[in-house]
There are 2 protein chains.
Amino acid sequence: MAKGITRERIVAAALDLLNDKGMDALTVRALASRLGVGAPALYWHVRNKQELLDEMSTFVMRRVTAALSEIAAGAGWRDGVAAYARVLRSEYLLHRDGARIFSGTRFSDPGVVKAKEPWLGRLTAAGFSLAEADDAIDLVTAFVVGFVIEEQERSQSAGADPGRYSLAERDAWLGEGADLVKAAGHLRDDGDRRFERQLGVVLDGLAARLR
Amino acid sequence: MAKGITRERIVAAALDLLNDKGMDALTVRALASRLGVGAPALYWHVRNKQELLDEMSTFVMRRVTAALSEIAAGAGWRDGVAAYARVLRSEYLLHRDGARIFSGTRFSDPGVVKAKEPWLGRLTAAGFSLAEADDAIDLVTAFVVGFVIEEQERSQSAGADPGRYSLAERDAWLGEGADLVKAAGHLRDDGDRRFERQLGVVLDGLAARLR
DNA sequence: ACCTGAACACCGTTCAAGT
DNA sequence: ACCTGAACACCGTTCAAGT
């Protein structure tokens, strides 16, 4: 019953395995056994493990572009860019270590790269030059990637080593001085709010380019 | 002559090996042989490979904080934050896949975290609230991490697969349509200039918070 | 205290052979 | 066309034993 392995089923199972067991446990052998086949069977459908990882990240990015094509048809540039940032973050957050694994990989699907087209159109229509529009998309993408990498690392090592991020232990670990660092740690609120505030700063910076 | 392995020598050799051969070739065995010892010898000085990676990233971040303590004593907040962003980027660029490997890791040295203290002081003195100052540092860090991950991935896969990033091949790969994406690709200039422009946008966004 | 030799339980990948 | 079985050249890590 497990036969009839396809490229899509392999990618889907790989994403499941990643979420279940984490990056280190995402091995060709474990993936194959989850699909009910031997490890060499996968090499009929996929050139090597790197191609599998590329395919996984292409899958995630296709979901991002699909989610975006439904939104933001008539919205202003600011709301549109904000929606892009939120969708990218939430898709990364769906997968363990998503930002680290899926960022900075080459897409096997031209459609994912082409998805930039309407955004460039919207931004230039709003008054940005083409170069500014391209910079804007790259900047927002870079911000989301960096933000979520830190966010996921934090939540993961909090799970593995609870107390490492408790405020009291952190204060003790920091030792003498560093009062502002400690105070800032106590002010720190949840990821959603911090994301929205920092995204707002980026959008304000982009808005400043329109004058 | 190769004896007298220390933690520092191991970390230095690991960074060398990373630059020479890349992430996949950074194995405990290869590192040991470069130091003229057997692989198990390293486990006397380091708990496991993860601890070695943490130590490497702490080393890199110590260089960042050291470089910063020499600059930016009397500079304004904007120049100071810009200097931080540039130093962080250039230290990441010194190591192959530096941004991906060294971002989002836990520091073994409280001193690295404490280095935020003078920055929080400078930003609050300039009129930011403590929460805004903390956000500002995180935002700039996230931007640099995301930017350099993309930058290093691009330069690495350009080295491995030349032509993959040639404009003509890329245009052909994109196929029909996507005229703005293609035009933006042709406008794209070098990393330094793109970094400075995007950093400027972030700084403008932060400046908007001062009113 | 510091390192070696040998071993354990794994990896990704290849390839002849089966159906 | 699709998959198995067996094998190759590796991994990270442990541990008794040496000095």
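The chains referred to below are lettered A, B, ... by the order of the sequence lines, with proteins before strands, and numbering in each begins at 1.
In this structure, CD1 of I5(B) is placed 14 Å from C1' of dT4(C), rounded to the nearest angstrom. If you take CZ of R7(B) and P of dA1(C), they are 16 Å apart, rounded to a whole angstrom. Atom CG of L42(B) is separated from atom C1' of dC3(C) by 11 Å (rounded to the nearest Å). In this entry the distance linking CH2 of W44(B) with C1' of dC3(C) reads 9 Å, nearest Å.
The shortest distance between the side-chain N/O atoms of H45(A) and the OP1/OP2 oxygens of dA1(D) is not below 4.0 Å.
Each of dG12(C), dC15(C), dG12(D) was ranked by its minimum atom distance to the side chain of R29(A); first place goes to dG12(C). Nearest to the side-chain atoms of Y43(A) among the listed nucleotides dT13(D), dT13(C), dT4(D) stands dT13(C). The side chain of P40(B) approaches dG5(C) more closely than any other nucleotide in the set dC11(C), dG5(C), dC3(D).
Side-chain atoms of S103(A) and Y92(A) include no donor-acceptor pair closer than 3.5 Å.
Using a 4.0 Å cut-off between a side-chain N of Lys or Arg and a carboxylate O of Asp or Glu, R197(A) and E132(B) do not qualify as a salt bridge. Salt bridge D134(B)/K116(B): present, at least one basic N to carboxylate O contact under 4.0 Å. Salt bridge E55(A)/R47(A): absent, no basic N to carboxylate O contact under 4.0 Å. Between D192(B) and R89(B) a salt bridge is recorded (basic side-chain N to carboxylate O distance below 4.0 Å).
Around CZ of R78(B), the count of heavy atoms belonging to other residues, nucleotides or ligands within 6.0 Å exceeds 12. The number of heavy-atom neighbours closer than 6.0 Å to CZ of R188(A), taken from other residues, nucleotides and ligands shown, is above 12. Residue-environment remark: CG (D190(B)) exceeds the threshold of 12 foreign heavy atoms within 6.0 Å.
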Strand DNA chain C in bracket notation, Watson-Crick/G-U under 3.5 Å with | for pairs to another chain | ||.|||||...|||||.||
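Judged by a 6.0 Å distance limit and a 45° cone about the ring axis, R122(B) is positioned over the six-membered ring of W119(B).
Taking a 4.0 Å limit (strictly below) on heavy-atom distances, residues 11-25 of chain B does not reach DNA chain D anywhere. Contacts between residues 46-56 of chain B and DNA chain D, defined by a heavy-atom separation under 4.0 Å, are made by N48(B), K49(B).
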Take F59(B) and F107(B) through the test ring pair (Phe, Tyr, Trp, His ring centres under 6.0 Å) and record every step on the way to the result.
-> CA-CA 9 Å; F59(B) 177 88; F107(B) 305 122; over 10 Å; no
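Between F143(A) and F195(A), the ring-plane angle classifies as parallel under the 30° and 60° cut-offs.
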